Amino acid sequence: MATPDFIRTLRASAGHQLLWLPGVTAIVFDDAGRVLLGRRTDTRKWSVIGGIPEPGEQPADCAVREVFEETAVRCLPERVVLVQALQPVTYGNGDVCQYMDITFRCRAVGGEARVNDDESLDVGWFAVDALPDLNEFALSRIKRAMAEEPTWFEPATLG
């Protein structure tokens, strides 16, 4: 995943300490009900599409931008699937980030799926009953995007 310029600027003064960042995930379906996936260059594994909003960018706009940048597919966000604070991640260079993920269910409205940047090795449409090996993050979001349920979030703890 390419590091946005604004994060590089933050890192210049923050060093490797924890940064709390927004994250957006887009679960994109086509008219046949297939889901759009990308095989990432950093992990070499298939995953759902996502990224970090630029300062001031609306989350839904970020989903549209990330999907197009990575796959050349045009999409329209339909609903928020879930909102979840993720566990902190430590990257190979020592940077620590924690993301507040907002996942959108999106509908493809144009474009042809192809590698459109240097973050992906491959992109493609997959039937939900024939998905490649995916981690739990991706599988749970696809499952929730397929369900016609209210937006999911961790229940609040009373205390």
Side-chain angles (χ1 to χ4, degrees), residues 1-8 11 19 21-93 95-149 151-152:
M1 174 185 295
T3 303
D5 290 339
F6 81 93
I7 293 176
R8 291 182 206 278
R11 284 285 178 215
L19 292 182
L21 298 169
V24 171
T25 302
I27 308 300
V28 184
F29 293 100
D30 68 4
D31 290 339
R34 300 176 302 172
V35 65
L36 181 64
L37 301 175
R39 193 159 62 93
R40 299 170 53 104
T41 56
D42 58 352
T43 65
R44 306 189 73 76
K45 295 183 179 184
W46 288 98
S47 188
V48 291
I49 310 302
I52 300 170
E54 293 291 331
E57 182 179 32
Q58 292 296 325
D61 289 334
C62 176
V64 169
R65 177 180 55 77
E66 288 288 343
V67 168
F68 182 75
E69 284 179 0
E70 295 181 26
T71 71
V73 171
R74 298 280 182 194
C75 71
L76 179 65
E78 296 179 319
R79 68 180 178 90
V80 174
V81 171
L82 68 80
V83 177
Q84 183 181 34
L86 304 178
Q87 292 298 311
V89 176
T90 302
Y91 293 97
N93 65 357
D95 288 351
V96 182
C97 296
Q98 187 169 11
Y99 298 95
M100 173 63 73
D101 179 59
I102 302 170
T103 297
F104 290 90
R105 177 190 167 107
C106 302
R107 178 174 38 92
V109 294
E112 293 293 324
R114 64 176 170 81
V115 173
N116 204 34
D117 67 7
D118 60 359
E119 294 183 44
S120 302
L121 297 171
D122 197 4
V123 298
W125 293 102
F126 293 86
V128 294
D129 61 354
L131 296 171
D133 185 38
L134 295 171
N135 63 25
E136 184 56 33
F137 176 92
L139 289 172
S140 67
R141 279 153 176 73
I142 293 168
K143 179 180 176 182
R144 290 191 187 283
M146 290 174 17
E148 294 301 326
E149 298 174 352
T151 301
W152 182 90

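In this chain, numbering begins with 1 at the start of the sequence shown. Owing to the predicted nature of the structure, the values given are computational and were not obtained by experimental measurement.
- Thr90 places none of its side-chain heavy atoms less than 4.5 Å from the side chain of Asp95.
- The shortest side-chain heavy-atom distance between Val83 and Asp101 does not fall under the 4.5 Å cut-off.
- Considering CZ of Arg105 and SG of Cys75, their distance stands at 12.0 Å, rounded to 0.5 Å.
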Run the numbers on Val128 and Phe126 for side chain to side chain contact (heavy atoms under 4.5 Å, CB included), then give the verdict. CA-CA 6 Å; Val128 294; Phe126 293 86; over 6 Å; no
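- Two residues are said to be in side-chain contact when any heavy atoms from C-beta on lie closer than 4.5 Å; Met100 and Gln84 fail this criterion.
- We find the CD-CD1 distance between Glu69 and Ile49 to be 11.5 Å, quoted to the nearest 0.5 Å.
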Please lay out, stage by stage, how Val24 and Glu66 fare under the test side chain to side chain contact (heavy atoms under 4.5 Å, CB included). CA-CA 9 Å; Val24 171; Glu66 288 288 343; over 6 Å; no
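- When all heavy atoms of Val80 and Phe104 are compared, the closest pair comes out as CG2-CE2, 3.7 Å.
- Rounded to the nearest 0.5 Å, atoms CH2 (Trp46) and CZ (Arg40) are 13.0 Å apart.
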Start with the C-alpha distance between Tyr91 and Val96, add both sets of side-chain angles, then the distance that settles side chain to side chain contact (heavy atoms under 4.5 Å, CB included), and finish with yes or no. CA-CA 6 Å; Tyr91 293 97; Val96 182; over 6 Å; no
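- Between Asp30 and Arg107 there is no salt bridge, since no side-chain N of the basic residue sits under 4.0 Å from a carboxylate O of the acidic one.
- Leu134 contributes atom CG, which lies 5.0 Å from atom CG of Leu139 (distance to the nearest 0.5 angstrom).
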Which is it for Leu37 and Trp125 under the side chain to side chain contact (heavy atoms under 4.5 Å, CB included) test, yes or no, and what are the steps along the way? CA-CA 6 Å; Leu37 301 175; Trp125 293 102; over 6 Å; no
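- When all heavy atoms of Val67 and Ala26 are compared, the pair lying nearest together is CG2-CB, 3.5 Å.
- Considering only heavy atoms from C-beta on, Pro53 stays 4.5 Å or farther from Gln58 through its side chain.
- Rounding to the nearest 0.5 Å gives a distance of 5.0 Å between OG1 of Thr3 and CZ of Arg8.
- Thr71 and Asn116 share no donor-acceptor pair across their side chains, judged by distance under 3.5 Å alone.
- Put simply, the side chain of Gln98 gets close to the backbone of Leu86: a donor and an acceptor are under 3.5 Å apart.
- Taking the centre and axis of the six-membered ring of Phe68, the NZ or CZ atom of Arg74 falls inside the cone set by 45° and 6.0 Å.
- Between Leu21 and Cys97, the shortest heavy-atom contact is CD1-SG, 3.8 Å.
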Hey, mind stepping through Lys45 and Asp133 against salt bridge (Lys or Arg N to Asp or Glu O under 4.0 Å) and telling me if it holds? CA-CA 8 Å; Lys45 295 183 179 184; Asp133 185 38; 5.8 Å; no
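- Heavy-atom minimum distance, Arg79 versus Glu149: NH1-O, 3.3 Å.
- Heavy-atom contacts from other residues, nucleotides or ligands closer than 6.0 Å to CZ of Arg34 number more than 12.
- Pairing each heavy atom of Tyr99 with each of Pro22, the nearest pair is CD2-O, 3.9 Å.
- What you find for Thr103 and Arg141 is that their closest heavy atoms are OG1-NE, 3.2 Å.
- Within the model, atoms CD1 of Ile142 and CZ of Phe29 stand 6.5 Å from one another, a figure rounded to the nearest 0.5 Å.
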